[in-house]
Structures are given as C-alpha cells and as structure tokens.
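Data first, discussion second: the structure below is written as structure tokens.
Lettering of chains follows the sequences in order, A, B, ..., and the numbering in each one begins at 1.
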Amino acid sequence: MNSKLFSKLAWSNIKSNLKLNLPYAITCILTTSMLYMVSYLATNPSMSTNAKLILNLGQYVVAIFAFIFLIYSNSFIFKNRKKEFGVFNILGLEKRHIAKIVGFETLYMSLFSIIVGLAVGIASSKLLFLGIAKMMKVKLDISLEISKDALVFATVIIVAIFIFLYIKSVISVYATKTIDLLKGGQQGEKEPKAKWLLAIAGVGTLGYAYYLSLTIKNPMKAMNTFFIAVLLVIIGTYLLFTAGSIVLLKCLKKNKNYYYQTNHFISVSGMIYRMKQNAAGLSNICILSTTVIVMLTSAISLFSGMNELLDDTCPTTFVVEVRPDSTKDNDQNLTAENIKNYAYPFKDVHKNGMSTIGQAQLETQKAISNYDVKIKSEKIIPVFAPAILSKDDKSEKYEMVNTFNLTIESVANFGALYVVTADTYNMATGENLALEQDEVATYIEDDNNKIVDNNKTFEIGSLKFNVAKHLKKNLNLGQGSISAGKSVLLVVKDLTTLDKLYSLQFDNFNENSSVTTMDYLYYCDTNASEQQQEKMAKEINANTVDLSENSRIELSYRAEMKQFLSEFYGSIFFLALFLGILFTVAMVLIIYYKQISEGYDDRKRFEIMQNVGLSRKEVKSAINSQVLTVFFLPLITAFIHTLFACPILSSLLTMLGLSNKRLFIVSTGSSMLIFAVLYLVIYFITSKVYYKIVKKQ
Amino acid sequence: MSILEVNKVSRVYTSRLGTNKVTALSDVTFTVEKGEYVAIMGESGSGKTTLLNILASLDKPTGGEVILDGINMKTVKDAQLSAFRRDNLGFVFQDFNLLDTFNLQDNIFLPLVLSGGKAKHGKNYVASMSAKLEPIARMLGIDKILYKYPYEVSGGQKQRAAVARALITNPKLILADEPTGALDSKATDSLLEMFNQVNHQGQTIIMVTHSVKAASHASRVLFIKDGVVFHQVYRGQENNREYYQKIADALTMITAGGGEVE
C-alpha cells in the first residue's frame with residue numbers, strides 16, 4: 001500500500017466528517033490567528049515598554065491556552081472517530097496504516113490552519129486595528145506592518161501542538177483494542193472520585209485571592225498583589241471546578257433524602273459525569289469570562305473617566321507652572337551648600353517666583369490678545385508642595401520626607417501635601433477664611449478619596465497647629481490628581497507661617513534628598529479652539545524661554561493634554577477591546593464543543609428516560625435545567641470573581657488616574673451586563689445545535 | 001377478570017402527504033387475564049412492535065380500543081400518559097436501557113423517584129423504596145451487586161436489573177420486548193426462569209419475542225401475521241418439549257405461508 005492511498009483516504013475522511021471537522025478546522029484557524037495577533041502586538045515596535053511587558057507574558061499565556069484548547073477539541077473529535085478507526089482495523093488496515101492516515105490528516109489540518117490562520121490573523125489584525133480606531137475616533141500609534149517574529153512564533157507553537165496531538169492519537173490507537181475502538185465513545189465512564197484535598201486547596205486558594213483583593217490598602221502595591229491574586233484565582237477556579245464540584249455533588253448524593261427527589265435525582269447524577277468531562281472546559285470559560293469582564297470594566301472606566309481626568313490634570317485652557325528653586329540644575333550636584341544658596345531665604349524665592357509667574361501671565365495674555373478669544377477667568381496660586389509621610393495609622397503626627405529613595409513600603413503611607421495661604425485660598429475659592437497665626441484649615445483625604453479629617457490639631461515635624469476649620473473641598477490644582485494615596489491640603493495664615501513649613505523641609509536634608517519647594521501656578525481659562533490653543537502655546541513658549549533661566553517653567557494646555565490622554569487611554573481601551581474579542585471568540589468555540597458533546601451524551605439518556613416513563617416534556621425540562629446549571633455556573637462564578645476583584649481593580653485604576661468610584665461601579669455593572677447579554681446570545685445559538693442533536697431519534 | 005382487552009385495534013400509517021397508506025395492524029383482538037403470561041411472536045414486519053407500542057401507550061391505534069384494568073386508554077389525556085405508563089406498566093427492553101450514570105440500585109429506583117419521590121411517597125420514602133427493592137433483588141439474585149454500575153456487570157445481570165426496575169412499581173402489566181435478544185443461552189435460561197417465578201407470584205407479563213425457547217415459557221403464544229392475530233397456542237397438558245414443538249410447528253407454518261392451522 002502506498003502513501004498516495006493513505007493521503008487520499010485521509011483527505012476523504014476529513015471531507016466526509018465535515019460536521020465535526022469544520023468546527024475543528026475553524027478552531028485551529030482561529031487559534032493560529034489568535035497566536036499571531038497577540039504575538040504581533042507584543043513584537044510591535046510602537047508599543048510602549050509596559051504594554052510590551054504585559055503582552056509578552058500574554059503571548060505565552062495564549063500559547064498555553066491554545067495548547068489546552070486544541071487538545072480539548074481534538075480529544076472530542078478523536079472520541080467520535082474511534083469507531084471509524086475500528087472499522088478500518090477490521091477491514092484489514094493495520095494499526096500502523098491507521099497511524100499513517102492520522103498522520104496525513106494531521107498534516108493537512110496543520111498546513112491548512114497555518115496558511116489560512118496566518119492569513120486571517122494578518123487580515124484581521126489590520127482590519128480590527130483600523131476598525132476599532134475609527135470607531136473610537138482615536139489616533140492609534142500602532143505599526144501595521146506584518147510581523148515576521150509573530151509569524152514564526154505562531155507557526156512554531158501550532159506545529160508543536162499538532163505534533164503532540166499526532167503522537168497522542170497514535171498512542172491512543174495502538175493502546176486501544178480493536179473491539180473497544182469499535183465501541184468508540186459508548187463505553188461507560190467510571191464515576192469520578194471525590195478528591196477532598198484538592199477541593200479544600202481550591203477553596204483555600206480562591207479564598208486567599210479574595211482576601212488579598214478585599215484587604216488591599218496601598219494602590220502602589222496593588223499591581224504586584226493583582227498578579228498574585230490572578231494566578232491564585234486561576235488555580236482556585238480549576239481546582240474548584242474539577243475537584244470541588246464533584247465533592248459537592250457526591251455529598252448531595254450521599255444525602256438520600258435530597259438525592260432521591262425527582263428533580264435532584266437526574267440532575268445530580270448527570271452533573272457528576274458532566275463535571276468530570278467538562279470541568280476543564282468550564283473553568284476555561286469562567287476564567288475567560290472573568291478576564292473579558294475585568295478588561296471591559298477597566299477599559300470602560302478609563303475611557304469614560306477621561307474627561308474627568310482632563311479636568312483634573314488641566315482644569316483651565318492654559319496652566320503655567322513656575323518653580324523658582326530650579327531642580328533643573330543637575331540633581332546629583334545638589335549639596336546642602338548649594339541648596340541653601342538658591343532655596344534660601346524664602347522671601348527671595350517667593351519674590352522671584354511671583355515675578356516670573358507674573359511675566360508668564362503677561363506673555364499668555366499677550367498671545368491670547370492676538371486672537372479673537374476671550375479670557376474667561378485667570379488666577380495665580382503659589383503653593384508649597386513637599387511630600388509628607390504620615391508615620392503610621394496610629395500616630396497623628398506627620399513628617400516631611402525626601403522624595404528620593406522611596407520604596408514601595410514607604411510609598412504606602414505616602415501622601416501629597418499642599419500648603420497655601422489663606423489669601424490664596426480665598427482668592428481661588430471665593431470664600432472668606434480668616435486664620436490666626438497658630439491656626440490652620442485642613443482638608444485630608446485617604447487612599448480612596450474619602451475625607452478623613454476630624455482632628456483638632458495638626459502636627460507636622462516640630463510644628464503644631466490648631467485646626468480652625470475642616471474644609472469640605474480640595475483645591476483643584478491640576479497636578480496632584482494622579483496621586484494615589486492620601487492627599488492633604490493645609491491652609492495657613494500667611495507667608496510667615498508658610499516660611500516656617502518651608503524651612504522645616506530642609507531640616508533633615510542630606511545628599512540623597514531631592515528638593516521640592518514653591519510652585520507658582522497660573523491658570524487661564526479661555527474659549528480658544530484647539531488649533532488656536534496650539535498656536536498660542538507656541539508663542540507663549542517662545543516668549544517665556546528667557547524666563548526659564550533661573551526657574552523651571554512649564555506650560556500645559558488643554559488641547560495637548562486631551563490628545564495625550566485620548567492616545568494613552570485610547571490605546572489601553574483598544575487593547576482591552578481587542579483581547580476581549582479574541583477571548584470571547586475562544587469562549588464561543590469552547591461552548592460550542594461543550595454543547596455538541598453533551599448533545600451526543602444526552603441523546604441516549606433522553607431516550608431511556610422516556611422509555612421508563614418520563615414524558616418528553618419532563619425529560620426536556622430535566623435536561624434543560626442541567627444544561628442551564630452547567631452553562632451558567634461559569635458566568636456566575638465569573639461574576640463573583642469580578643465582584644471580589646473590584647477593590648483591587650479600583651486601586652489599580654486609581655494608579656492610572658481614575659478616582660471616580662461611581663464611574664467605576666457603573667462601568668463594572670455595565671460591563672457585566674454587556675457580557676451577560678453576549679453570553680446569553682451565545683447560549684441560545686449553541687443550545688439550538690444541542691437540541692437538534694438530542695431530538696434526532 | 002381480564003386485565004387487558006384489545007378490541008379490534010388497527011393502526012394505519014399515512015405518509016406525510018397522505019398518498020401512501022401502510023397498514024401495520026388491521027384488526028387485532030385478544031384479551032389477557034390477570035396473572036397470565038403471554039408471548040407474542042411473528043416475523044419482522046408482522047406488526048408486533050406496533051402492537052407493543054400501542055400497548056405501551058407510546059403509539060395510538062387508528063381504530064379500536066385498548067382497555068387496561070377497566071381504563072380505556074383513549075380516555076387518558078396526553079399529559080397524563082407518561083404518568084399512567086409509569087404507574088401501570090413495567091418495561092423490559094432488549095438492550096436493557098439502563099443509564100450509565102446510575103448504579104444498579106438507582107436505575108431500579110428511577111421509576112419510583114420519577115413518579116414523585118418524597119412528595120408522593122411520604123417522609124420515609126427512601127426506606128420504603130429499599131424495602132420494596134429488597135425482596136425483588138433477592139429473588140433476581142442481584143442483591144450483591146446493587147452498588148455496581150451497568151458497565152461493570154454482565155448482560156444477564158443488566159437485564160435482571162432492568163426486570164427489577166420494571167417490577168418495583170408493582171405494575172399491572174409487564175411488557176417485555178425481546179428481553180433475551182442480547183443475552184447468551186445461560187443468561188437467557190436464568191432470565192426466563194425468573195420470568196416464570198415472577199409470573200407465578202401473580203404478575204401479568206406480555207413478551208414479544210423471536211425465540212421459540214422464550215415463548216415456550218409463556219402460558220399462551222399469540223402469532224401475529226399481516227396485522228392480525230393469526231393463531232394462538234395454549235399450554236395445555238403437554239410437557240415442555242411437546243409445547244416447544246407445537247410452537248415451533250406453528251411458527252414454521254406461518255413462515256412458510258400455510259393456511260389455517262388447527
């Protein structure tokens with residue numbers, strides 16, 4: 001017998017089994033294109049380093065996922081084909097011939113999926129990128145070139161998977177007796193054993209992951225904790241679905257009064273087998289669902305929080321910031337001597353700063369006057385903004401610290417301090433606050449933007465003040481809003497008191513310190529268009545170059561900030577959407593296979609139960625409730641995961657600049673809703689396939 | 001008193017467009033007395049499966065009526081048909097129809113649990129189910145393997161479990177469809193022996209079979225041909241061998257296409 005015959009046989013096998021092979025081929029193609037697309041993103045030169053890091057990891061996660069996923073689909077196909085091999089065997093083909101046929105089939109399938117899959121990957125990466133970019137009206141800075149690295153990566157992984165599948169199939173053909181091959185998938189399966197230890201481990205890991213998320217306090221630490229929690233959730237979900245579910249069902253079965261009831265009897269026993277076969281698939285679905293929901297939530301929150309963020313970072317059309325102390329001297333050359341030279345006395349620094357910001361104001365006004373644009377409002381705010389460290393939760397005393405050498409630990413208790421005088425405060429807010437020399441007004445916010453301000457005194461370093469008033473609102477200075485963690489606004493009587501605080505900062509100055517001194521902020525709100533803003537900004541920048549000799553001067557304008565934000569968050573949103581679509585497709589395929597394989601299993605059960613005296617309607621409702629349970633278990637678990645992820649996710653988003661809790665809650669709710677609807681649609685479409693199989697008699 | 005009356009039952013299958021009519025049963029009339037053991041024989045296509053389906057209320061006759069223990073099956077509503085079947089009939093199939101997801105005991109409990117479990121059988125229904133099962137299992141010799149799964153036991157043992165499942169509801173009538181069809185001769189013997197025992201305890205049995213040996217255990221054999229009861233053989237004073245011969249002769253006669261026998 002020659003190879004030609006085998007290759008022909010293999011080809012006709014693929015064609016004749018199209019009902020099973022077509023979805024399988026589609027799965028292979030989509031997996032290949034998925035691998036290409038993720039790798040394409042990861043190797044894309046225009047990705048930021050951070051994104052690359054995550055995507056690089058994502059590349060391997062997707063590869064592992066592809067591996068598990070293809071094994072899952074293949075074993076399903078193979079189970080249904082055993083009978084065919086048995087017939088071949090009986091008709092006189094030896095097992096090595098069958099191995100050859102399987103080899104050709106695998107070869108065809110892999111060639112097919114690599115060629116079509118890569119083509120689909122290349123085409124859809126371009127289309128998706130452009131499509132999403134257009135839809136969201138953001139400019140995406142992503143190269144559309146075909147990535148050679150990604151082509152190689154996807155091909156290598158797919159080839160490796162197919163080789164593995166081939167070996168697995170051949171071993172299985174050789175290891176199975178002909179008669180058992182003939183029986184194919186009809187052999188009874190052993191009832192799975194209850195694995196208590198694994199189930200308990202699952203509860204433990206999941207519980208610990210939830211605990212980590214619930215007790216997160218420090219947004220700076222959230223990133224690391226998040227990765228650990230994600231890993232734990234994945235492990236916990238797998239353990240709970242595989243071992244936990246069976247332990248639970250077995251317990252239900254042992255409870256005879258529960259078990260021997262009409263609606264429990266069929267579903268409990270059926271579920272035990274269902275879980276044995278599908279636990280891995282279900283946990284995959286659950287994890288994918290959770291990932292999609294979490295990504296959707298973050299993306300929606302960030303994207304819809306963008307305008308708020310714009311208001312926070314750039315509250316008016318123009319913001320000019322002047323730092324008279326100038327850390328523009330190379331920071332490394334700072335010695336205590338140098339510092340004293342330009343940071344003292346406060347009086348001079350202040351005078352210098354006020355005059356520079358005044359000139360900047362004039363230049364800005366001049367630039368605006370060239371256009372037909374009105375100044376709506378303007379103000380100058382001098383603010384002393386060092387860093388502070390609150391010693392710990394118990395102590396009420398604050399210490400100022402150097403902003404160098406910060407570790408994640410020290411950042412934990414780190415917050416931003418802003419000090420303004422009463423005059424400035426009144427000017428900025430229109431209030432009428434009057435303070436004595438030893439009095440301050442405070443506004444103190446915790447990590448979660450909640451006001452935590454009820455002390456009668458305020459202690460910082462060696463200074464102690466009486467708190468005359470607890471303020472209800474922060475000053476929007478436009479620069480501190482990306483600060484995660486605590487935020488303290490201190491209003492003091494006048495410049496004299498400010499000077500005292502100013503000097504305090506240098507008391508513990510040393511070589512490793514950095515210096516933050518006074519900030520002079522000029523806010524100017526106009527009705528200039530974006531193009532006008534850009535032109536004006538150029539003029540202002542050109543005219544203030546001279547001023548920056550002994551101060552650092554920085555101009556930011558709204559149009560520029562807006563573009564920066566929309567690119568930054570647009571890219572995040574885009575990535576989330578892209579990966580979301582990818583994962584959803586994978587999930588649809590898993591669900592599809594699950595429904596088909598369950599359909600074939602249930603067909604026989606359906607018949608027998610009818611024969612024993614269950615009406616068609618009763619059988620249908622029994623099977624329906626079981627299918628529903630199995631189907632919605634992953635969704636409900638994913639929802640629970642998401643809810644528990646909320647604290648840590650919100651912390652992470654605070655780091656990225658989103659501090660609006662209500663927006664976060666709305667985003668979480670809406671992404672869960674969107675996902676639930678999507679899931680339902682998938683369910684209804686795939687369950688049609690299921691019922692078609694079951695009804696056929 | 002007869003437990004089953006089959007009166008002029010006919011069944012005509014009409015193709016979808018109504019152009020082709022196939023008569024499966026044209027005029028079947030017979031009665032079964034309580035405690036009787038009746039075998040139905042006939043060639044493939046003779047209509048015996050159709051008859052069994054009608055008796056099992058899985059199919060409806062186009063003419064005539066079936067009266068089970070005084071209840072005309074026509075009057076049973078479609079919605080109640082399954083419950084009626086569950087409560088009054090027990091089934092034994094050629095291919096056992098045991099669920100692989102249940103052990104033998106649970107397979108046997110299936111009809112009881114399906115018919116209402118706790119709600120219908122009261123608080124101690126689990127105990128009462130076990131009490132019902134115990135004598136049946138002992139009689140059928142499966143009391144030692146109740147916790148095994150169908151795929152762990154032999155064909156004969158599976159069929160005995162299936163018989164136990166049919167018996168446990170204490171049905172008015174047991175319908176067996178080729179119960180020995182998938183069994184080896186030893187298992188066949190022991191199963192038929194068991195049917196005899198069950199019958200001696202007063203259980204009415206109707207069995208469709210191809211096997212003369214199986215039929216020879218029944219007290220009466222009905223032969224169906226071309227949709228009518230063509231012939232009947234009663235067990236009289238003959239010994240087993242003679243009775244067997246009588247059935248075989250009748251079968252040969254019918255198969256060979258002969259005329260009246262008597």
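The neighbour count for A/Lys250 NZ, taken as heavy atoms of other residues, nucleotides or ligands under 6.0 Å away, is above 12. Within 6.0 Å of the NZ atom in A/Lys256, the count of heavy atoms belonging to other residues, nucleotides or ligands does not exceed 12. A 6.0 Å sphere centred on NZ of B/Lys172 holds more than 12 heavy atoms belonging to other residues, nucleotides or ligands. The local environment of CG in A/Leu197 is sparse, with at most 12 non-hydrogen atoms from other residues, nucleotides or ligands closer than 6.0 Å.
Aromatic ring centres of B/Phe109 and A/Phe265 lie farther apart than the 6.0 Å criterion allows.
Note that OG of A/Ser269 is 11.0 Å distant from CG of B/Asp100, once rounded to the nearest 0.5 Å. Between atom CG of residue B/Asn103 and atom NZ of residue A/Lys253 there is a gap of 5.5 Å, rounded to the nearest 0.5 Å.
Side-chain contact between A/Tyr259 and B/Asp106: present, with at least one pair of heavy atoms (C-beta onward) separated by less than 4.5 Å. The shortest distance between side-chain heavy atoms of A/Ile272 and B/Thr101 does not fall below 4.5 Å.
When heavy atoms are compared at a cutoff of 4.5 Å, B/Phe96 does not approach chain A at all. Within the 4.5 angstrom heavy-atom criterion, no atom of B/Leu89 approaches chain A.
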